[in-house]
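First up is the structure itself, then whatever we jot down about it.
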2 protein chains.
Amino acid sequence: MLACKRLRTQFITFTPLLFVSTTIYDIAERADVSTATVSRVFNDESGVSEDTRQHVLDAAAALNYRPHASAQNLARQHTNQIAVVAPVVANYFYMHVMRGIQHALADRDMDLMVHAPANPQDRIHEQPDPKSLNTYMARALQPGRNDGILLLSMPLTDEWADRLAETSRAVVLVDGEHPRFESFAVDSREGGYKATQHLIDRGYERIGHITVEYDPPPARYRREGYEQALRDDNRAVQDKLIAASDERPFAFSEKGGYRAMTTLLGRKPRPDAVFAASDMQAMGAMQAAHENDLRVPEDLAIVGFDDLELSRCAGLTTLRQPARTMGTRATRTLLRRIEAAGAPPVSSTVFSPELVVRRTCGERPESEAASPGFVLRDQ
Amino acid sequence: MLACKRLRTQFITFTPLLFVSTTIYDIAERADVSTATVSRVFNDESGVSEDTRQHVLDAAAALNYRPHASAQNLARQHTNQIAVVAPVVANYFYMHVMRGIQHALADRDMDLMVHAPANPQDRIHEQPDPKSLNTYMARALQPGRNDGILLLSMPLTDEWADRLAETSRAVVLVDGEHPRFESFAVDSREGGYKATQHLIDRGYERIGHITVEYDPPPARYRREGYEQALRDDNRAVQDKLIAASDERPFAFSEKGGYRAMTTLLGRKPRPDAVFAASDMQAMGAMQAAHENDLRVPEDLAIVGFDDLELSRCAGLTTLRQPARTMGTRATRTLLRRIEAAGAPPVSSTVFSPELVVRRTCGERPESEAASPGFVLRDQ
DNA sequence: CTGAAAGCGCTAACAA
DNA sequence: TTGTTAGCGCTTTCAG
C-alpha cells in the first residue's frame with residue numbers, strides 16, 4: 001500500500017521540474033508507523049506515546065515535512081481561512097479596518113484572503129450579478145475557500161443575502177447592515193446630521209453636499225442626515241447644492257470629490273460650505289477649491305467623513321469612524337460564529353460618529369492650532 | 001459507486017448543522033453522465049458534445065453547483081492563489097504596493113492571501129526563525145497554500161532563501177533584493193544621498209538622520225547614502241546626529257519617528273535638518289518638532305522617503321518610490337514564473353528615487369505654494 | 001465523445 | 001496506543 005505512494009518519488013526523478021514535497025506517507029515509512037499516527041502527532045497531540053511521537057517528529061524534521069494545506073482543508077472540511085471582500089483593497093478607510101482585522105487574527109492560526117473586483121472598470125459598489133460565477137464575490141462564496149466572510153461596505157440585495165445564507169457560512173458585515181447578518185457600522189445618518197448641524201451653527205448659508213451617484217447605503221444615510229438637519233433648521237434642500245460622484249471604481253475617492261466639487265462650483269449660487277460623504281472626497285473638494293482660487297475655509301468650508309490619519313494632517317473637520325475597532329470586533333464575532341456550530345442571535349452594533357473639529361470648517365481648534373498635528377496611535 | 005456518495009445527503013438530514021454543498025457526483029447523477037464529463041465541462045471546455053454539455057450545465061444550475069476549491073486545489077496540485085507576506089498589512093506604503101498587485105491580478109482568476117505577523121510584539125523586520133513552523137512566513141511556505149509568493153520588505157537570510165528555494169515556488173521580492181530571486185526595489189542608497197545632498201545644498205549645517213535600529217536593508221542603504229553625501233561634502237558623520245527607531249511592530253512608523261526625533265532634540269547640538277528613512281517617520285518627527293516649539297522648516301527642515309499621498313498634503317519633501325508600479329511589475333513577473341515551468345534568468349530591477357521638493361525642507365516649491373495640493377491619480 | 005478508476009495528501013472512525 | 005480503511009471532491013490518464 002505504501003508502495004504505491006512511493007511511486008511519486010520515482011516520478012520526481014524523471015521530471016525534476018515538477019516539485020513534489022514530502023508527504024505523510026514518507027514520514028510514516030521512515031518512522032515506521034502508520035499515516036494515522038503521523039497525522040495524530042501533527043494534530044491531536046494526544047493518544048500517542050511519547051516514544052513514537054518523538055520518532056515521528058524526528059522523521060518529519062529529517063525530511064523537512066510540512067503538511068499540505070489543500071489536503072488538510074479538503075479532509076477537515078474547513079480551511080482556517082477567512083475572507084474579506086471589499087470594493088477596493090487598497091484604500092485608506094479599509095486599511096484602518098484591516099488593521100483591526102489583523103489585530104483580531106493575532107495568534108488565531110487563521111489566514112486572510114482578500115477579494116476585490118478584478119476589473120477597475122466595474123461599478124463595484126453595485127452588487128455584482130448573483131448569477132455570474134466568476135466575480136470576486138462569487139469566488140469568496142465558493143465552497144472550500146474559506147470558513148467565514150467579512151463584507152466591507154458591501155451593499156446586500158436580498159438575492160445576495162440568500163446566496164450567502166445558502167452557503168451557511170459565517171458572515172459579518174462592516175460598514176453595512178442587513179437583518180440577517182451581524183454587522184458593525186457607524187450611524188451615517190447621525191453623522192450627516194451632525195456635520196450639517198455644525199456648519200449651520202457656524203453660520204454658513206449655502207451648505208452643499210457631495211454624495212455618491214449609485215447611492216450606496218452609507219452615502220444615502222449621510223445625505224439623509226444632511227437633508228434632515230437642513231429641514232430642522234427650516235431650510236430647503238436644494239438640488240443644485242448637491243453633486244454626486246460617479247467616479248470608478250470608487251466614488252468615495254479623492255477624484256470623485258474633485259469632480260463633484262468642480263460641478264458644484266460651476267453652479268449659481270455657489271455653496272459657501274460643503275459636507276462630503278468621505279474624507280477623500282473632501283480632499284478632492286479642497287483641491288478643486290484651490291484650483292478655483294477659493295480659500296478654505298474663508299471662501300469655502302469643508303467637512304468630511306471618516307477621520308483618516310491623513311485628515312488630521314490636512315486639518316480637515318470630519319466625523320470619526322472607529323474603523324479599526326470595527327474591524328477587530330467584526331472579526332472576533334466572525335471567529336465566534338465559525339467556532340460555534342449553532343446560530344446565536346444576530347445583533348447589529350452601531351457606533352456614533354464623533355465630530356472632530358479642525359480648521360477646514362472655519363474654526364480654530366484650540367489643540368491643533370499649529371497644524372499639522374498627529375495622533376500617535378499604535379500601528 | 002455513486003451510491004456511496006449519496007450517503008452524504010442522508011447525512012445532512014441527520015445533522016442539519018453540518019452544511020454539505022452539492023458535488024460533482026450529484027450533478028453527474030442528475031445529468032446522467034460520469035463525473036469525468038462534469039469535470040470536463042467545467043474545465044477543458046473541449047471534448048464534450050454540445051448536447052451533454054448543456055445537460056450538465058442545466059443540472060449544475062438546478063443544483064446550484066460550485067466546484068469545491070480545496071478539492072480542486074488538491075487534485076490540480078496548484079491553488080490559483082498568490083501570497084503576499086509583509087511586516088505589516090495595513091500600512092501606507094504597502095497599501096500603494098497592494099494597489100499595483102491588485103491591478104496586475106485583474107482578470108487573472110487568481111486570489112490573494114496576505115500573511116503578516118500575528119503578534120504585534122514581534123520584531124517583524126527581523127527574520128523569524130526558519131525552524132519554527134507557525135510563523136506567518138512559514139505558513140506562506142506551507143505546501144498547497146499558494147502558487148507563488150510576493151515578499152514585501154522582507155529581509156532574507158541565506159537560510160530563509162534556502163527554504164524558499166527548496167519549495168521551488170515562484171518568489172518575487174518587492175523593496176528587497178537577493179541574488180536568487182527576482183526583485184523590484186528603489187535604490188535606497190541613492191535616495192539617501194539625494195536627500196542629504198539636497199539638505200546640504202540648501203545650506204543646513206547639522207543634518208541629522210532617523211533610521212531603524214535593527215537595520216533592515218532599505219534603512220541601512222538610506223543611511224549609507226546619507227553618510228556618503230556627508231563625506232563627499234567633507235563633513236564628519238556624527239553619531240549624535242543619528243537616532244534609530246526601535247518601535248514595534250514597525251519601526252518605520254510615525255511613532256518611531258516621533259521617538260527618534262525626541263531623542264535627537266534632547267541632544268546637543270540639535271540638528272537643524274533631518275532626513276528620515278520613511279515618510280511616516282518624518283510625520284512623527286514633525287510632530288515632535290511642534291511639541292518642542294520648533295517650526296518646520298524654519299527651525300528644523302525635514303525630508304522623508306516614500307512620497308505617500310499623505311506626504312503631499314503635509315507638504316513633505318521626500319524621495320518618491322514608485323510603489324504601485326513596483327507592485328504591478330512584481331506581480332506580473334511572479335505570474336510569469338508560475339506559468340513558465342522552467343526557470344528564466346533572475347533579474348533585479350532597481351528604480352531611481354525621485355526627489356520631490358515641498359516645503360518642509362525650507363523651499364517654496366512653485367507649483368505647490370498653496371498647500372495642501374493633491375495629485376489626482378486613479379484609485 | 002464518454003466512462004472507469006486511480007490518485008492528490010490528509011483526517012477520522014472503527015477495530016484491534 | 002496504534003493501524004486499517006474509507007472517505008473529502010475533484011482531476012486525469014487510459015480504455016473504449
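Just so we're on the same page: letters track the sequence lines, and every chain starts at 1.
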| request: Can you check whether any acceptor in the base of C/dG3 is under 3.5 Å from a donor in the side chain of B/R40, or vice versa? | output: yes

| message | Starting the side chain at C-beta, find the nucleotide from D/dC10, C/dA12, C/dG3 nearest to B/V33. | response | C/dG3

| query | Looking at B/T22, B/T23, B/I27, which hits side-chain contact (heavy atoms from CB on, under 4.5 Å) with B/Y25? | reply | B/T23

| field | Presence of B/T35 side-chain N/O under 4.0 Å of D/dC10 phosphate oxygens OP1/OP2 | value | no

| query | Taking CG from B/N80 and P from D/dC10, how many angstroms apart are they, rounded to a whole number? | reply | 15 Å

| message | Using modelled atom types and a 3.5 Å cut-off, is there a donor and acceptor pairing between side-chain atoms of A/S39 and backbone atoms of A/T35? | response | no

| message | Counting distance alone, no hydrogens or angles: does the base of C/dC8 have a donor or acceptor under 3.5 Å from a partner atom on the side chain of A/Y25? | response | no

| Any idea which of C/dG3, C/dG9, C/dT11 is nearest the A/A71 side chain? | C/dG9

| note | Quick note, B/Q77 side chain, CB onward, closest among C/dC8, D/dT12, D/dC8 is C/dC8

| request: Return the value, rounded to whole Å, for the distance between atom CG of A/N73 and atom C1' of D/dG7. | output: 16 Å

| A/I24, nearest nucleotide to its side chain (from C/dC10, D/dT5, D/dG9) | C/dC10

| said: From CZ of B/F42 over to C1' of D/dG9, roughly how many Å is that when rounded to an integer? | reply: 13 Å

| task | Without swapping roles, check the side chain of B/R180 against the backbone of B/D158 for a donor-acceptor pair under 3.5 Å. | result | no

| Can you check whether A/T23 has a side-chain N or O nearer than 4.0 Å to OP1 or OP2 of C/dG9? | no

| Nearest nucleotide by nearest heavy atom, which residue falls closer to the 5' end of DNA chain C, B/R53 or A/V38? | B/R53

| query | Phosphate oxygens OP1/OP2 of D/dC10: is one of them under 4.0 Å from a side-chain N or O of B/S39? | reply | no

| query | Does the side-chain contact (heavy atoms from CB on, under 4.5 Å) test come out yes or no for B/M154 and B/M137, once each step is laid out? | reply | CA-CA 10 Å; B/M154 298 297 295; B/M137 189 75 176; 4.2 Å; yes

| message | Just N and O in the side chain of A/T52: are any of them under 4.0 Å from OP1 or OP2 of D/dT2? | response | yes

| request: Please report the shortest heavy-atom distance between A/V85 and A/A140, naming the atom on each side. | output: CG1-CB, 3.9 Å

| said: What is the distance, to the nearest angstrom, from the CZ atom on B/R66 to the C1' atom on D/dC10? | reply: 14 Å

| query | Between C/dG3 and B/S34, is there an OP1 or OP2 to side-chain N/O distance shorter than 4.0 Å? | reply | yes

| request: Select one nucleotide: of D/dT11, D/dT4, D/dG9, the one nearest the side-chain heavy atoms of B/R76. | output: D/dT11

| query | What nucleotide, of C/dG3, C/dT11, C/dA13, holds the atom closest to the side chain of A/N43? | reply | C/dT11

| request: Scan B/T37 against the nucleic acid and name what it touches under 4.0 Å (heavy atoms): base, sugar-phosphate only, or nothing. | output: sugar-phosphate

| query | Donor-acceptor pair, B/R139 side chain versus A/D109 backbone, under 3.5 Å? | reply | yes

| field | Rounded distance (Å) that lies between atom P of D/dG9 and atom CD of B/E29 | value | 15 Å

| remark: A/Q142 CD to D/dG9 P, in whole Å, measures 14 Å

| said: Using whole Å, what does the distance between atom P of nucleotide C/dG3 and atom CG of B/D32 come to? | reply: 8 Å

| Rounded to whole angstroms, how far apart are CD on A/Q72 and P on D/dG7? | 21 Å

